[in-house]
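Within every chain, numbering begins at 1; the chains are lettered A, B, ... in the order of the sequence lines, protein sequences first and strands thereafter.
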Amino acid sequence: MIYPRVIGVFKVIQLSVNGQIQRVEPGVDLARLLEKLELSGKRVAVEMNGEIVPRSRYAGTRLTEGDALEIVVAVGGG
Amino acid sequence: MNAPTRLAEQLADPLRIAGRAYRSRLLIGTGKYRDFDETRRAVEASGAEIVTVAIRRTNIGQNTDEPSLLEALPPSRYTILPNTAGCYSAEDAVRTLRLARELLDGHDLVKLEVLGDPDTLYPNVIETLKAAETLVRDGFKVMVYTSDDPIVARQLENIGCVAIMPLASLIGSGMGILNPWNLELIIGNAKVPVVVDAGVGTASDAAVAMELGCDAVLMNTAVAKAQNPLLMAQAMKKAVEAGREAFLAGRMPKKLYSASPSSPAAGLIPPKVA
């Protein structure tokens, strides 16, 4: 069991986003994370712990310690 | 019906994939261009209506105001065909296309490719068959990249793929059509469109593919890595159209080892008698 870390006086949780560590406050939802990453309103798709999260559920999808997210876009390709 | 009407109908001759009609029989990949502006202009010059894209992790915290590919090529104007380039297992390919469907608001026409190794990028047909089964069951309309093996092509069609896309030669090689005989076997058997995908190097390759009876051609590097991509895009458009018209027109039979004069033999001015 991983407990929320304490940095200074703030509790934070640690996530993996596209293989990079991101720290957010506990209780933050996916919509808020995307805002923080400046991806709000951008055409992206999100997978959380192996499951796709539909756009309509970004708000209200709570993030918890150790969640692994993949955020993808369309790029040039054959 | 008079002759001009028939001709007009033949020229209309749409490509039908998964119940939708397209005017252009050229499908264009969007990789390897200098920038999105060049991509957009090359796609415009090619006349393509279907463009392939890859699905990749977004950069976190870098260039967040950078333009996106789908702003240059809006899904309202183009049919976006997400691919599974870089996937080496059925599982990865299926995962990628489920993300693509979410990304594109439920759009379910996709290009499946499962590769065998990074040196040849040759399709792994065993994994491709597995992925195709899962995707078709999951409601995807699957256009599938495969080898030029007619038996595998038939199995993919039986699974329910909406287009069979055999390679002409290795991806990005520009080596042209290595086995026209196998392509003819695939075309002869198929009841869904056959799209030559990969290996086209220049306009004549595209024309030959269409003359063989392919329903369309998909290419990327041949345009993107030409010295002048926009001019090559235009050349490819013409080559695909010319090849299609030549196929519909039906070529003359080949006459081996004997000529046939085009001018009448009668009425020839007799040779001067000395």
>> Heavy-atom pairs under 4.5 Å with chain A: which of B:Leu103, B:Leu69, B:Asn220 has the most?
In response: B:Leu103

>> Taking side chain as everything from C-beta outward and backbone as N, CA, C, O, which of these in A:Gln20 sits under 4.5 Å from a heavy atom of chain B? Side chain, backbone, both or neither.
In response: side chain

> Are B:Lys130 and B:Glu127 within salt-bridge range, i.e. N to O under 4.0 Å?
Replying inline: yes

>> At a 4.5 Å cut-off on heavy atoms, which part of B:Leu81 comes close to chain A: side chain, backbone, both, or neither?
In response: neither

> When rounded to the nearest 0.5 angstrom, what is the spacing between CZ in B:Phe140 and CZ in B:Arg101?
Replying inline: 3.5 Å

>> A quick test of your reading: do over 12 heavy atoms of other residues, nucleotides or ligands sit less than 6.0 Å from CE of A:Met48?
In response: yes

> For the candidates A:Gly78, A:Ala45, A:Pro54, which exhibits the highest count of non-hydrogen atom pairs separated by less than 4.5 Å from chain B?
Replying inline: A:Gly78

> Would a distance-only check, ignoring hydrogens and angles, find a side-chain to backbone donor-acceptor pair under 3.5 Å from B:Lys141 to B:His107?
Replying inline: no

>> If you count heavy-atom pairs within less than 4.5 Å of chain A, which of B:Arg95, B:Lys32, B:Glu71 leads?
In response: B:Arg95

> With the threshold set at 4.0 Å, does a side-chain nitrogen-carboxylate oxygen contact exist between B:Arg40 and B:Asp37?
Replying inline: yes

>> Looking at chain A, which one of B:Thr58, B:Leu27, B:Ile55, B:Val53 has the largest number of heavy-atom pairs inside 4.5 Å, strictly under?
In response: B:Thr58

> When rounded to the nearest 0.5 angstrom, what distance separates CG in B:Asn83 from CG in B:Leu112?
Replying inline: 10.0 Å

>> For A:Ile52, which atoms come within 4.5 Å of any heavy atom of chain B: side chain, backbone, both, or neither?
In response: side chain

>> Tell me which of these, B:Leu73, B:Thr30, B:Ile171, B:Leu218, has more heavy-atom pairs under 4.5 Å with chain A than the rest.
In response: B:Thr30

